Amino acid sequence: MSERIIGIMGAIPQEINGVVNLLSNKEEHEIGQRHYYTGELNNQKVVVVYSRVGKVAAATTVSTLILEFKITELIFTGVAGGIHSNVKIGDIVLGQSLIQHDMNASPLFPTFEIPMLGKAYFEANPFQLEIATTAILDLLEEQHLHNVISEKDLNKFNIHEPQLHVGLIGSGDLFFSTTAKKEKLQQNLPEILCVEMEGAAVAQVCYEFGIPFIIIRTISDDADDHSTMDFNSFIEKVSNVYSIEIIKNIIK
Ligand code: ADE
């Protein structure tokens, strides 16, 4: 059996810098304009990288993790815009399945289906989902949350009793910044909980190589006309802290 090596990915540096700082025996490797950090986290071999934004960037990065760094499982962590009305800023969405909401090769292939793969939905690994669920519920427990994020910041982003949701995540090369675009997506794919720009691309590559994966997303905005407000500050004060705590809790 091959040695267990966990790939940890985010889209932007602020989403994974905190995790990079946790590594011992850290080494940096540059391939294809990406910086891969190998090292150990609680004695577990890991490789941490940020892909940059979008499906192509994410797909090339996860391919390198699989082919060059021989990862045996993948965890993606980052932010997303809330789509479903139950999903609020500060909540966490675990992707049980992922879909590319901008894939449409109809009438040659059914809408959303990846041509010649015969699939539109990519399922996360149930065992990893279970471990991540425990780790996330532990973080969202009131005392834990207040230990790692100040009352002031929780109030600033109106985060009170944040919830975990497990379900469908939609990915595409589009930042949702208007209510009109959000409503159109809600009509086409009503079961989508949140949107981001990498998860389903990562999921497709992992599926094709047989690598188990999970996608963990903190809701940073409501994917509507106000979605860019406080975006960077949210990542720094909330989602970056969530990522560190969840990863530490998953890899113990
Ligand atoms: N990631 C975080 N917020 C997003 C949004 N509104 N649209 C797409 N990706 C996002």
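Every number for a ligand or one of its atoms is a count from 1 in the order of the listing. Values below: every heavy atom of this structure, side chains too, minus hydrogens, waters and symmetry copies. Quick caveat, the model's predicted, so the values are computed rather than measured. Each residue takes its place number in the sequence, starting with 1.
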Checklist entry - Can Lys119 be said to sit on top of Phe122's aromatic six-ring, NZ or CZ under 6.0 Å from centre and within 45° of the ring axis? => result yes
Next on the checklist: Taking side chain to side chain contact (heavy atoms under 4.5 Å, CB included) as the criterion, tell me which of Asn240, Val241, Ile247 meets it with Ile244.
Outcome noted: Asn240
Checklist outcome for this item: Per side chain to side chain contact (heavy atoms under 4.5 Å, CB included), Ile6 is matched among Ile251, Ile250, Leu65 by Ile251
Checklist entry - Looking at Glu196, which atoms of ligand 1 are within less than 4.0 Å of one of its heavy atoms? => result 9 (N)
Checklist outcome for this item: Atoms of ligand 1 under 4.0 Å from any heavy atom of Ala223, numbered from 1 in the order shown, are 6 (N)
Next on the checklist: Using the rule given for salt bridge (charged side-chain N to carboxylate O under 4.0 Å, His left out), can you reason through Lys45 versus Glu3, listing the C-alpha separation, both sets of side-chain angles and the distance that settles it, and then say yes or no?
Outcome noted: CA-CA 9 Å; Lys45 270 197 176 183; Glu3 182 188 17; 3.6 Å; yes
Protein heavy-atom partner closest to [atom] - residue, atom, separation in Å:
atom	value
atom 5 (C) of ligand 1	Phe175 CE1, 3.5 Å
atom 8 (C) of ligand 1	Leu174 O, 3.5 Å
atom 3 (N) of ligand 1	Asp221 OD1, 2.6 Å

Next on the checklist: Under 4.0 Å, heavy-atom basis, I'd like to know which part of Ser220 is in contact with ligand 1: side chain, backbone, both or neither.
Outcome noted: side chain
Next on the checklist: Checking His35 against Tyr50 for the ring pair (Phe, Tyr, Trp, His ring centres under 6.0 Å) test, could you report, in this order, the C-alpha distance in whole Å, the side-chain angles of both residues, the deciding distance, and whether it holds?
Outcome noted: CA-CA 7 Å; His35 297 267; Tyr50 74 89; 7.3 Å; no
Checklist entry - So is there a nitrogen or oxygen of Phe176 less than 3.5 Å from a nitrogen or oxygen in ligand 1? => result yes
Checklist entry - Minimum heavy-atom separation for Ser239 to Ile235, with atom names? => result OG-CA, 3.3 Å
